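Below are the structure tokens for one structure; questions will follow.
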Number of protein chains: 2
Amino acid sequence: MNEDILKALLDHGVQPSAQRLAVARYVLATHDHPTADRVFSVVRESFPWISRATVYNTLNLFVEKGLLRAPALTGGSVVFDPNTARHHHFIDEKSGAIHDVPWESVEVCNIEALEGFDVTDFQVVMRGVKRRRRRT
Amino acid sequence: MNEDILKALLDHGVQPSAQRLAVARYVLATHDHPTADRVFSVVRESFPWISRATVYNTLNLFVEKGLLRAPALTGGSVVFDPNTARHHHFIDEKSGAIHDVPWESVEVCNIEALEGFDVTDFQVVMRGVKRRRRRT
DNA sequence: ATCTCACTTTAGAACCGTTCTAAACAGGCG
DNA sequence: CGCCTGTTTAGAACGGTTCTAAAGTGAGAT
Ligand SMILES: [Mn+2]
Ligand SMILES: [Mn+2]
Ligand SMILES: [Zn+2]
Ligand SMILES: [Zn+2]
């Protein structure tokens, strides 16, 4: 797992440093969509001397190198997403939490037939409330 | 048309003032998705003494009263959308321009069947380039 | 016509997330 | 060791937005 992280960095042309590994260890493994400030808080627990600037530098580098995405889903601060495969998003309006929705679980038709637009990428952004218990 | 604007404000419980009408005249009629700063620039052309704070106040009031939406589509600054009906969005990656895509022109299936999520609203966010001339 | 009072507008400060700056640091190599 | 390149750091700067506190406006009351 730690070797996986290291390999991911090297595969994407990122020189590994202690700080970058600490950031990667959290942000490449989480299923959250954390903000830079959340990454800073979490990483600082195991790496208390890391600076905020390094967290921002590292996250931006990871986006540039394709390890992370920064989908524009919220008004406020940027969120980072280690899931770089195509997928959709569900935003829980109660908690603000962002959940991944598998690409195959939603079907979108007629996009390629749209007049006037060459669509190269798309996603469905859903809002609502997370269901407490599944309706039988 | 000017009476339409006035009526829209009154219908949504907004006390009309000269400043609010000037903002409404532009932002409720445009097909753009302008930022607050763009609204400020445009309104100032016909109303040069309006203040930035009033533009922000007014836009936020209009969102609160349901005259505008503020969809989270871009990383940077908030954009305002006078189209309050359900619709999708296409973002031109060349220019950054945001275009409305009619609700009926895209079909989305299986949303209601999603496990774990009660979806109350959704939209498709597309990216690509605006087609220069329609392919025959 | 003047007074009153609630609402609106205003300039500028404050705020907050992010980027920039410039100096310190690290470490591989000659 | 000294050099060089890349990384980290604290804090300043920045840009968009909100807040503050004072001034303005205007519809009704007197
Ligand atoms: Mn990758
Ligand atoms: Mn309405
Ligand atoms: Zn995601
Ligand atoms: Zn729109």
Side-chain angles (χ1 to χ4, degrees), chain A residues 5-6 9-10 12-27 32-44 46-65 67-81 96 98, chain B residues 5-6 9-10 12-27 32-44 46-65 67-81 96 98:
Chain A
I5 297 286
L6 180 61
L9 263 53
L10 295 173
H12 287 82
V14 173
Q15 290 200 28
S17 69
Q19 287 88 339
R20 288 172 178 174
L21 279 166
V23 170
R25 213 132 43 213
Y26 167 60
V27 82
D32 274 358
H33 294 74
T35 63
D37 209 62
R38 168 124 184 87
V39 176
F40 181 52
S41 305
V42 170
V43 170
R44 215 171 20 164
S46 60
F47 210 108
W49 51 89
I50 199 171
S51 82
R52 193 181 298 273
T54 298
V55 171
Y56 275 97
N57 288 345
T58 302
L59 291 170
N60 291 341
L61 178 68
F62 286 3
V63 170
E64 186 187 320
K65 298 297 190 178
L67 282 156
L68 288 180
R69 297 242 158 102
L73 293 170
T74 67
S77 28
V78 174
V79 299
F80 296 90
D81 188 349
I98 299 168
Chain B
I5 297 285
L6 180 61
L9 264 52
L10 295 173
H12 287 82
V14 173
Q15 291 199 27
S17 69
Q19 287 88 339
R20 287 173 179 173
L21 280 166
V23 170
R25 210 132 44 212
Y26 167 60
V27 83
D32 274 358
H33 294 75
T35 63
D37 210 62
R38 168 124 186 89
V39 176
F40 182 52
S41 305
V42 171
V43 170
R44 216 171 19 165
S46 60
F47 209 108
W49 52 89
I50 197 170
S51 83
R52 191 180 300 272
T54 298
V55 171
Y56 275 98
N57 288 346
T58 301
L59 291 170
N60 291 341
L61 178 69
F62 286 3
V63 169
E64 186 187 322
K65 298 297 191 178
L67 282 156
L68 287 180
R69 295 244 159 100
L73 293 171
T74 68
S77 29
V78 174
V79 299
F80 296 91
D81 188 349
I98 299 168

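All of these numbers come straight from a predicted model, not from anything done at the bench. Numbers restart at 1 for each chain; the letters A, B, ... are given by sequence-line order, proteins then strands.
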task: For residues A:Ala18 and A:Phe47, report the shortest heavy-atom separation together with the two atoms involved.
output: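 Smallest interatomic distance, heavy atoms only, reads O-CE1, 3.6 Å.
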- request: Write down the distance between CZ (B:Phe40) and P (D:dG15), rounded to a whole number of angstrom.
  value: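 The distance from CZ of B:Phe40 to P of D:dG15 comes to 16 Å, rounded to the nearest Å.
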task: Could you check how far CD of B:Gln15 sits from P of C:dC7, rounded to whole Å?
output: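 Distance, rounded to whole Å: 7 Å.
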field: Atom pair distance, as rounded to whole Å: CZ in B:Phe80 and P in D:dG16
entry: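 Going from CZ in B:Phe80 over to P in D:dG16 covers 13 Å.
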- request: Rounded to the nearest angstrom, tell me the gap between atom CH2 in B:Trp49 and atom C1' in D:dA23.
  value: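 Taking atom C1' of D:dA23 as the reference, CH2 of B:Trp49 is at 18 Å.
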- request: Provide the closest heavy-atom pair for A:Thr74 versus B:Ala72 in the form atom of the first, atom of the second, distance.
  value: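 A:Thr74 and B:Ala72 have their closest heavy atoms at C-CB, 3.7 Å.
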field: Rounded distance (Å) that lies between atom P of D:dT7 and atom CG of A:Leu21
entry: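 The distance from CG of A:Leu21 to P of D:dT7 comes to 13 Å, rounded to the nearest Å.
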statement: Sorted by number, residues from residues 52-61 of chain B placing a heavy atom under 4.0 Å from DNA chain C are B:Ala53, B:Thr54, B:Asn57
Distance in angstrom units between A:Arg38 CZ and C:dT18 P, rounded: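 Nearest whole value for this atom pair: 15 Å.
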- prompt: Under 3.5 Å, is there a donor-acceptor pair between the side chain of B:His33 and the main chain of B:Ile98?
  reply: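 Checked: pair present.
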statement: Ranking C:dA11, D:dT8, C:dG17 by distance to the side chain of A:Ser77, first place goes to C:dG17
query: What's the CD-P distance between A:Gln19 and C:dA24, to the nearest Å?
result: 18 Å
- prompt: In whole angstroms, how far is the C1' atom of D:dG24 from the CD1 atom of B:Ile50?
  reply: 15 Å
- request: Identify, with sequence neighbours excluded, every residue that meets side-chain contact (heavy atoms from CB on, under 4.5 Å) alongside A:Asp32.
  value: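 In terms of side-chain contact (heavy atoms from CB on, under 4.5 Å), with neighbours along the sequence ignored, A:Asp32 is linked to A:Tyr26, A:Thr30, A:Pro34, A:Arg38.
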message: How long is the straight-line distance from CD1 of B:Ile5 back to CG of B:Leu21, given to the nearest 0.5 Å?
response: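 Taking CG in B:Leu21 and CD1 in B:Ile5, the distance rounds to 8.0 Å.
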- prompt: Cation over ring, A:Arg52 on A:Tyr56, under 6.0 Å and within 45°?
  reply: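 The answer is no, since A:Arg52 fails at least one limit relative to A:Tyr56.
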